[in-house]
Peer 1: 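My structure is below; once you've seen it, I'll send some questions.
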Protein chains: 2
Amino acid sequence: MDRKIATIQDVARIAGVSTATVSRTLSKPSVVAPATRDAVLQAVADTGYRINTQAANLRRQRTGSVIALVPNLANPFFSQIFAGMSAVLTEAGLGLLVADTQTGSDPEERLSYHLTSGNADGLILFDGTFSRDRLNVPGRPPVLLVSEWMEDDLPSVTVDNRHGAALAVGHLAQAGHRAIGFLSGPPENVLTSERLAGFTTALADLGLVARPDWILEGDFSMDSGAAAARRWMALPDRPTALFCASDEMAIGFMGAVHRAGLSVPGDVSIVGFDNIEVAQHLTPGLTTIRQPRTIIGLRSAELLIDMIAANSLSGPSEVIEVELIKRASVAPPRSP
Amino acid sequence: MDRKIATIQDVARIAGVSTATVSRTLSKPSVVAPATRDAVLQAVADTGYRINTQAANLRRQRTGSVIALVPNLANPFFSQIFAGMSAVLTEAGLGLLVADTQTGSDPEERLSYHLTSGNADGLILFDGTFSRDRLNVPGRPPVLLVSEWMEDDLPSVTVDNRHGAALAVGHLAQAGHRAIGFLSGPPENVLTSERLAGFTTALADLGLVARPDWILEGDFSMDSGAAAARRWMALPDRPTALFCASDEMAIGFMGAVHRAGLSVPGDVSIVGFDNIEVAQHLTPGLTTIRQPRTIIGLRSAELLIDMIAANSLSGPSEVIEVELIKRASVAPPRSP
DNA sequence: CTAACTGTTGTAAACGATTGCACCTTGTGT
DNA sequence: ACACAAGGTGCAATCGTTTACAACAGTTAG
């Protein structure tokens, strides 16, 4: 067979029409006469012609793909979101490029790069920590912020972090806990501040105060959860329940607690955040706040596609609801 | 400022040279005179010119990206591999497009699509189950198979699955187990057959036989592990140790066993495969066979880049070594 | 003094599509 | 019979680069 790949020229020659007609047959068939259309389609079939998206995109001044920029590609939290995004994007004829901000030296630098490289019709950003003027570049594509919340008016898809925290606290309180601690993410992180705010407010609503020494700091990772557990165990006066800002930290925490010979929920009740897949298979099952990640991905893609279609740098934001998933890691506190 | 984005024409005009010289200054600076070079670079800086990769790629007959095609994007197993790949690819100026084969209807169809779409300079395939003639298309890009092993001579990056299985069995045997079962993946899967073969051989080397009723079937997922646990518990004569073909299944299995009031490793010792991050935080810590996923990603990217550079459809394969990670899920069998 | 290089630059033709505009048929109304 | 509209098609410019080739100036060797 042919080594060469057929171009639109070949198809045009074989069908006995001009390239314009071939192009039209493929993009808006309605404007070409049925007879010609058939001839062209036949020629397409004969040659095995596949449209060259690069050339088409060049002419159309678009790229045909969007970039998802995450802090760390290795973090499995994102994979399910990707799956949702991919489904919608594929449908719309867009490809999904992934990149992380931590590979190179300067994260903000990477953002700027992708903003100006012109390699994408849109950008989905999973990392809210960058200075605003980075976005101030001439012909930049639309940007959608996912998961990380920001004070300004960039379009975003987020979950209701405060409400999630309130659900967690409410559940623990209902089980009888008064001494409730919080295991946070990195202090500068917006998720941390939102969840902490929700935590504090919920406690206040119950007439409780958030004790500073019961607020432990982590970085969302399992290891940091384990480290926090060691600090918790060293506490002279320990909270009987802990709300963790991520399931991963909750897992690390529980693991370390178990290794020390203590029990969950016997010695401490735990609520996580995210509902990652493993949560329900742990022993005990991890009570947690579910973030519907596939839906986050779907909606993100949809919103971005709308912005691209409207050729607009702004657009609506969306807040996705979270949900309390009750499992066995919460129990009434041991009676004193 | 300007709304328009500067093109090579603008730079050429401002620098007072031809577009050819601008292009050369940017791609092979050595051939242009230092004085002109400086002038061009100055003009580039002044205009904020960014090269249009699409146009460049069109002209160069390349796309500037590779596609990673996985069975299921939501599976976190791949994310760490992506991270490794991305690092290398970015370095080489290539983007990483991700897609999964399960979104559409027919998985093989999706493969064919990406093979012919001409959207990538290379394809990384994480799913070995497709008929060979799918690859028989005119100008297809190089394809590298990752993780799933195949009998023919497609370039691939795999781990030594048989050896991994042997390590697992060896470790269990050393702990004193004679009654060792296997929790497999889907029967048609190559990983399943390789690990099963390694399992059987290792048993044979110990003078043991693989009992068919001790070979449980799963699909690599946590849920299937939990289901297998229920079948295991129903067994009249249960093996005292189980080698699971994935950590996920091991986790599901352990969870279900715990819920039934039995203990790991008290009632059954477990060895997993993969060493996913959560393995060390479980209770008990999961003994497993480590697959160095970042390295798999790195090497895959490197091999594919070599093929692309050499413009060749074939290339070397690589087998990555696995390693036994001992944790607390293995103990001597309860004395009868 | 001429021929043959070498080093540097410009001209212009690709790459493979899309699309505004002009053109040619027909069909319809008067 | 004529004007006009509508439907269908082709011409050729365009998207923003890269690169083969030619051109030209200044050495250098013979």
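Each chain gets a letter, A, B and so on, in the order the sequences are listed, and its residues count up from 1. For the numbers below, each heavy atom of this structure counts, side chains included, while hydrogens, waters and symmetry mates do not.
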Peer 1: Output every pair passing salt bridge (charged side-chain N to carboxylate O under 4.0 Å, His left out) with a member in residues 13-29 of chain A, not counting sequence neighbours, ordered by first then second residue.
Peer 2: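 Of all non-adjacent pairs touching residues 13-29 of chain A, those that pass salt bridge (charged side-chain N to carboxylate O under 4.0 Å, His left out) are A:D10-A:R13.
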
Peer 1: Taking only distance into account, with no hydrogens and no angle test, what donor-acceptor pairs under 3.5 Å do side-chain atoms of residues 293-307 of chain A form with protein atoms, sequence neighbours excluded?
Peer 2:
{"unit_1": "A:R293", "atom_1": "NE", "unit_2": "A:Q80", "atom_2": "OE1", "d": "3.3"}
{"unit_1": "A:R293", "atom_1": "NH1", "unit_2": "A:F77", "atom_2": "O", "d": "3.2"}
{"unit_1": "A:R293", "atom_1": "NH2", "unit_2": "A:Q80", "atom_2": "OE1", "d": "3.2"}
{"unit_1": "A:R299", "atom_1": "NE", "unit_2": "A:E318", "atom_2": "OE1", "d": "3.1"}
{"unit_1": "A:R299", "atom_1": "NE", "unit_2": "A:E318", "atom_2": "OE2", "d": "2.8"}
{"unit_1": "A:R299", "atom_1": "NH1", "unit_2": "A:E302", "atom_2": "OE1", "d": "2.3"}
{"unit_1": "A:R299", "atom_1": "NH2", "unit_2": "A:E318", "atom_2": "OE1", "d": "2.6"}
{"unit_1": "A:S300", "atom_1": "OG", "unit_2": "A:I296", "atom_2": "O", "d": "2.5"}

Peer 1: Answer with base, sugar-phosphate or nothing: what part of the nucleic acid does B:S23 contact at a heavy-atom distance below 4.0 Å?
Peer 2: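 Base contact.
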
Peer 1: By salt bridge (Lys or Arg N to Asp or Glu O under 4.0 Å), which residues pair with B:E91, not counting sequence neighbours?
Peer 2: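 Here no residue qualifies.
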
Peer 1: Mark yes or no for whether B:S27, through its side chain, and B:S23, through its backbone, hold a donor-acceptor pair below 3.5 Å.
Peer 2: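 Yes: the side chain of B:S27 pairs with the backbone of B:S23.
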
Peer 1: How large an angle, rounded to 10°, do the end axes of the helix from C:dC1-D:dG30 to C:dT30-D:dA1 enclose when each is built from five base pairs?
Peer 2: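 Roughly 50°, once rounded to the nearest ten degrees.
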
Peer 1: Sequence neighbours excluded and cut-off under 3.5 Å, please list the side-chain donor-acceptor pairs for residues 32-39 of chain A, or say none.
Peer 2:
{"unit_1": "A:T36", "atom_1": "OG1", "unit_2": "A:A33", "atom_2": "O", "d": "3.0"}
{"unit_1": "A:R37", "atom_1": "NH2", "unit_2": "A:V32", "atom_2": "O", "d": "3.2"}

Peer 1: Which residue pairs pass the side chain to side chain donor-acceptor pair (under 3.5 Å) test with at least one member in residues 51-68 of chain B, sequence neighbours excluded?
Peer 2: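 Listed once each, the pairs are A:N119-B:T53, B:N57-B:R62, B:T63-B:D121.
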
Peer 1: Check B:S79 against A:P76 and note the closest heavy-atom contact, atom names and distance.
Peer 2: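 In terms of heavy atoms, the two residues are closest at OG-CA, 3.7 Å.
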
Peer 1: In residues 42-64 of chain A, which residues come under 4.0 Å of DNA chain D by heavy atom?
Peer 2: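 DNA chain D contact set from residues 42-64 of chain A: A:L58, A:R59, A:Q61.
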
Peer 1: Who pairs with B:E108 by salt bridge (Lys or Arg N to Asp or Glu O under 4.0 Å), at least two apart in sequence or on another chain?
Peer 2: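 Residues passing salt bridge (Lys or Arg N to Asp or Glu O under 4.0 Å) with B:E108: B:R134.
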
Peer 1: How would you list, by chain and number, every residue that makes a side chain to side chain contact (heavy atoms under 4.5 Å, CB included) with B:A83, sequence neighbours excluded?
Peer 2: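 Counting only residues at least two positions away or on another chain, B:A83 forms a side chain to side chain contact (heavy atoms under 4.5 Å, CB included) with A:L73, A:A74.
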
Peer 1: Please find the earliest and latest nucleotides of DNA chain C, in the 5' to 3' direction, that have an atom within less than 4.0 Å of any heavy atom of chain B.
Peer 2: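 Result: C:dT8 to C:dG16.
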
Peer 1: Would you find a donor on one side and an acceptor on the other, under 3.5 Å apart, between the side chain of B:S86 and the backbone of B:F82?
Peer 2: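 Side chain of B:S86 to backbone of B:F82, a donor-acceptor pair under 3.5 Å: no, none is there.
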
Peer 1: So which protein N/O to nucleotides 4-10 of chain D N/O distances come out below 3.5 Å?
Peer 2:
{"unit_1": "D:dT9", "atom_1": "OP1", "unit_2": "A:T36", "atom_2": "OG1", "d": "2.3"}
{"unit_1": "D:dT9", "atom_1": "OP2", "unit_2": "A:A33", "atom_2": "N", "d": "2.9"}
{"unit_1": "D:dT9", "atom_1": "OP2", "unit_2": "A:T36", "atom_2": "OG1", "d": "3.1"}
{"unit_1": "D:dG10", "atom_1": "OP2", "unit_2": "A:S18", "atom_2": "N", "d": "2.9"}
{"unit_1": "D:dG10", "atom_1": "OP2", "unit_2": "A:S18", "atom_2": "OG", "d": "3.2"}
{"unit_1": "D:dG10", "atom_1": "OP2", "unit_2": "A:T21", "atom_2": "OG1", "d": "2.6"}
{"unit_1": "D:dG10", "atom_1": "N7", "unit_2": "A:R24", "atom_2": "NH2", "d": "2.7"}
{"unit_1": "D:dG10", "atom_1": "O6", "unit_2": "A:R24", "atom_2": "NH1", "d": "3.2"}

Peer 1: What residues, two or more places apart in sequence or in another chain, satisfy ring pair (Phe, Tyr, Trp, His ring centres under 6.0 Å) together with B:F78?
Peer 2: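 B:F126.
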
Peer 1: What do you reckon, is CG of A:N311 surrounded by more than 12 foreign heavy atoms closer than 6.0 Å?
Peer 2: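 No, not enclosed.
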
